[in-house]
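Throughout, a chain's letter reflects where its sequence line sits, starting with A, and its residues are numbered from 1. Hydrogens, waters and symmetry mates are skipped; everything else that's a heavy atom, side chains included, is used.
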Amino acid sequence: MFRFFKEEVKRSLNCEEKFIRESEHSDLTSTISFKIAKEKGEDAKKIAEKLVSEIKTKGEFSYIGKVEAINGYINFFVNNTFLAETIRSILNRDEDYGSLDLKGDVLIEHTSANPDGPLHIGHLRNSIIGDTLARIFKKAGFNVETQYYVNDMGRQTAIAVLGVNKFGLSEKKPDHAVAEAYIRMNEELEKNSDLEKEIEEIMKRYEDGDENVIRLFKDVVEKVLEGVIETLKNINVHHDSFVLESYFVRNGYVNRIFDILDKNGILIKNGAWKIDGSRLQFEKDVILRRENGTTLYITRDLAYHLWKNERYPRFINILGADHKLIGKQLSDILKFIGLKPPEIVFFEFVSLPEGSMSTRRGKFISADELIEKTFEEAMKLLRDRDMDEKEKIAKAVAVGALRFDFVKIAPEKHMVFDWKNALDFERQTASYIQYSHARACSILRKANRNEEITKDEVRFKPELCTDVERKHIILLSKFSYIIERVINELRPNIFAEYLMKVASSFNDFYRDHPVLNAKEEIRMHRLAIVDSTRIVLRNGLELLGIEALERM
RNA sequence: GGGCCCGUGGCUCAGCAUGGAUAGAGCGACGGCCUUCUAAGCCGUAGGUCGCGGGUUCAAAUCCCGCCGGGUCCGCCA
């Protein structure tokens with residue numbers, strides 16, 4: 001709804017979007033007068049006043065109420081029709097509220113951690129950003145496919161495979177068991193450089209399609225993925241498909257990429273095969289094929305993106321900031337050969353207080369450990385409560401806290417993981433939003449207990465709105481506006497912040513707006529607001545992959 | 001050394017793309033609020049040279065230049 005208001009404001013001034021902004025002084029504000037004042041050398045204040053009077057004579061806007069000029073700013077306020085239509089739209093559309101009608105297929109690739117061990121808390125940031133974006137894209141109307149690109153041909157995987165082969169697997173969860181063998185193999189590798197040849201050999205045979213070796217790799221990769229899928233399931237992250245790198249070697253896409261590069265004249269075949277970096281303003285040539293004939297990560301990734309180009313109009317990758325250089329090279333190469341580059345969301349690293357994480361050196365906090373500890377902490381909180389389904393609630397609170405903590409931080413921000421912070425739910429965080437939702441549910445439950453209230457009886461009356469209610473409803477109206485921003489900016493943290501605001505604003509309302517004990521007209525009016533809030537919070541939590549509890 | 005990212009109260013962050021009206025939250029600290037819809041809540045107080053220095057502008061946390069601090073990348077690794 002807010003988007004329509006903004007459109008009207010834009011139309012009323014006939015100005016660019018950038019001169020219209022949200023403000024604490026109004027529902028929307030324009031700074032266009034300053035711009036005109038500069039161009040014409042006139043007084044901004046007078047221009048604003050003139051523009052306001054013009055808008056007033058124009059009349060006939062559906063949602064614009066008061067318009068005023070103050071110090072050169074033009075302040076717009078929504079009218080009662082806007083408030084009424086917002087509430088009506090929320091109640092009518094219910095689960096659908098907030099959606100947009102954008103169309104098209106989108107591929108979102110996220111997580112894609114190497115199959116050499118369990119996910120750690122750095123991967124989690126990737127998964128949560130990716131999964132949240134996928135949910136928001138779906139809400140916006142896109143047909144979304146989420147994909148996990150499995151790096152089964154890399155050197156790291158070969159080390160893991162060799163490790164498992166040499167040392168076997170312990171009884172641990174399979175991904176953790178593989179990590180043990182992988183870490184041990186790395187230690188051996190440091191001591192004994194002869195093992196280097198074995199790695200090289202096994203990689204070569206895998207790439208060449210040796211059935212026995214393929215079986216070994218398949219076994220290890222499947223074990224890791226089994227563990228990874230279980231971990232992700234625990235935090236409500238789902239992938240529609242898993243695509244192996246080796247698929248692109250076996251289906252000929254890697255060869256097609258070589259042909260294309262060759263035709264474009266940037267492939268140098270001289271021992272190793274490489275891209276002529278000078279043609280693309282790269283610092284160095286990019287190696288695509290080792291002298292022994294095996295390919296490298298970027299080679300398969302180019303093939304993968306050729307494949308994506310043939311299938312999706314839009315594809316988005318979620319990648320750690322350490323992939324920035326290779327991501328840029330990938331994009332530049334794709335553009336050079338006339339293919340579309342991916343849209344890439346980079347996020348900065350999650351590190352531990354003692355330094356950066358490393359699966360290879362066993363220096364990491366696994367996602368499983370974090371999930372488990374967070375759950376235990378949530379259970380402690382419920383220890384003394386008398387209620388049903390403690391485990392279910394604790395799980396929802398734990399997953400919520402975890403997901404929210406990651407998604408609320410802007411992707412470009414470096415994070416230092418802190419146990420104390422991660423396990424503290426007594427903060428304005430996911431549980432606060434869940435709690436607000438439960439409060440709204442509680443009011444509605446009680447309202448319905450004594451008498452069955454039908455939709456027709458719930459009557460929202462804009463003229464009854466207090467200032468707090470008005471502000472709150474305008475916030476509710478911004479749902480799809482925020483969705484649109486996330487789609488444009490690929491920053492899901494914006495949505496987390498929005499939902500936080502809605503919860504906070506609802507608590508303001510809750511404080512001094514009694515619902516159940518109010519007289520009939522006001523009671524029905526406020527029930528409509530409470531129900532609308534409930535819908536917005538529930539739909540919003542869904543987009544964050546967090547369960548909207550009705551009691552807690 | 002070069003590229004990219006970050007630097008906002010004691011701590012964690014929002015705001016920066018598109019400059020604009022007194023720089024916003026949470027945690028922590030301090031003081032209050034449960035006979036009234038869930039206190040996982042609410043109210044109040046203290047706490048800020050927006051890393052530093054220049055510049056552009058009527059106006060800079062926001063744009064430009066330089067510097068400092070932290071992270072990250074610069075493999076026939078991924």
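For the C1' atoms, the distance linking B/C63 with B/U56 amounts to 8 Å, nearest Å. Nucleotides B/G47 and B/A29 are separated by 10 Å at their C1' atoms, to the nearest Å. Taking the P atom of each, B/A61 and B/G24 are spaced 13 Å apart, rounded to whole Å. B/U72 and B/G53: their C1' atoms are spaced 26 Å apart (whole Å). Atom name C1', nucleotides B/C16 and B/C50: the rounded distance is 11 Å, in whole Å.
In B/C34 the base sits syn relative to the sugar, since the glycosidic angle is no further than 90° from 0.
Side-chain atoms of A/Glu412 and base atoms of B/C5 include no donor and acceptor less than 3.5 Å apart. No donor-acceptor contact under 3.5 Å links the side chain of A/Ser504 to the base of B/A25.
Looking at A/Ile482 and A/Glu497, their side chains never come closer than 4.5 Å, going by heavy atoms from C-beta outward. Between A/Leu302 and A/Leu288 there is a side-chain heavy-atom pair separated by less than 4.5 Å. Residues A/Arg445 and A/Glu550 have side chains in contact (heavy-atom distance under 4.5 Å, counting atoms from C-beta outward).
If you measure from atom NZ of A/Lys408 to atom P of B/U12, you get 12 Å, rounded to the nearest angstrom. In this structure, OH of A/Tyr435 is placed 16 Å from P of B/G26, rounded to the nearest angstrom. Atom C1' of nucleotide B/A59 and atom CG of A/Asn71 are separated by 13 Å, given to the nearest angstrom. Atom-to-atom, NE2 of A/His323 to C1' of B/C73 comes out at 11 Å; the value is rounded to the nearest Å. Per the geometry, CG belonging to A/Asp322 stands 20 Å off P belonging to B/G70, to the nearest Å. Residue A/Arg491 contributes atom CZ, which lies 14 Å from atom P of B/C13 at whole-angstrom precision. Between A/Arg125 atom CZ and B/C5 atom C1' the separation is 11 Å, expressed in whole Å. Atom P of nucleotide B/C74 and atom OH of A/Tyr297 are separated by 13 Å, given to the nearest angstrom.
Residue A/Arg439 places at least one side-chain N or O under 4.0 Å from the OP1 or OP2 atom of B/A39.
Nucleic acid contact class of A/Ile298 (heavy atoms, under 4.0 Å, all strands): none. Here A/His437 lies out of heavy-atom contact (under 4.0 Å) with every strand. Across all strands, A/Glu550 comes closer than 4.0 Å to base atoms (heavy-atom distances). As judged by a 4.0 angstrom heavy-atom cut-off over every strand, A/Arg300 is placed among residues touching the sugar-phosphate backbone only.
For A/Lys10 and A/Glu7, the salt-bridge test passes: some basic side-chain N is under 4.0 Å from an acidic carboxylate O. Between A/Asp508 and A/Arg511 there is a salt bridge, since at least one side-chain N of the basic residue sits less than 4.0 Å from a carboxylate O of the acidic one. Under a 4.0 Å N-O distance rule, the pair A/Glu520/A/Arg459 does not qualify as a salt bridge. Taking a cutoff of 4.0 Å between a charged side-chain nitrogen and a carboxylate oxygen, A/Glu377 and A/Lys380 qualify as a salt bridge.
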Using residues 389-404 of chain A as the side-chain source, report each donor-acceptor pair under 3.5 Å to any protein atom, sequence neighbours left out, with the distance given to one decimal.
from, atom 1, to, atom 2, distance (Å)
A/Lys390, NZ, A/Leu382, O, 3.1
A/Lys390, NZ, A/Arg383, O, 3.1
A/Lys390, NZ, A/Arg385, O, 2.9
A/Lys392, NZ, A/Glu547, OE2, 3.1
A/Arg403, NE, A/Leu544, O, 2.8
A/Arg403, NH1, A/Asp131, OD2, 3.0
A/Arg403, NH1, A/Ile235, O, 2.8
A/Arg403, NH1, A/Asn236, O, 3.2
A/Arg403, NH2, A/Asp131, OD2, 2.7
A/Arg403, NH2, A/Thr132, OG1, 3.4
A/Arg403, NH2, A/Leu544, O, 3.3

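A/Tyr304 contributes no side-chain N or O that, together with a main-chain N or O of A/Ile298, makes up a donor-acceptor pair within less than 3.5 Å.
The side chain of A/Lys413 has B/C6 as its nearest neighbour among B/A21, B/C6, B/A40. Listed nucleotides: B/A21, B/C6, B/U38. Nearest to the side chain of A/Tyr510: B/U38. Checked against B/C74, B/C43, B/A21, the side chain of A/Leu325 finds its nearest nucleotide in B/C74. The side chain of A/Asn421 lies closest to B/U12 when the candidates are B/U12, B/G15, B/C76.
Ring planes of A/Phe364 and A/His120: tilted class, angle from 30 to 60°.
Cation-pi contact between A/Lys38 and A/Phe34: absent, since separation from the ring centre below 6.0 Å together with deviation from the ring axis within 45° is not met.
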Just the table, please: protein N/O against nucleotides 1-3 of chain B N/O, every pair under 3.5 Å.
none

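For RNA chain B, the stems formed by at least three consecutive Watson-Crick or G-U pairs, with both atom-pair distances below 3.5 Å, span B:1-7 with B:68-74, B:10-13 with B:24-27, B:29-33 with B:41-45, B:51-55 with B:63-67.
Both A/Lys35 and A/Gly154 lie near RNA chain B, and the one whose nearest nucleotide falls closer to the 5' end is A/Lys35.
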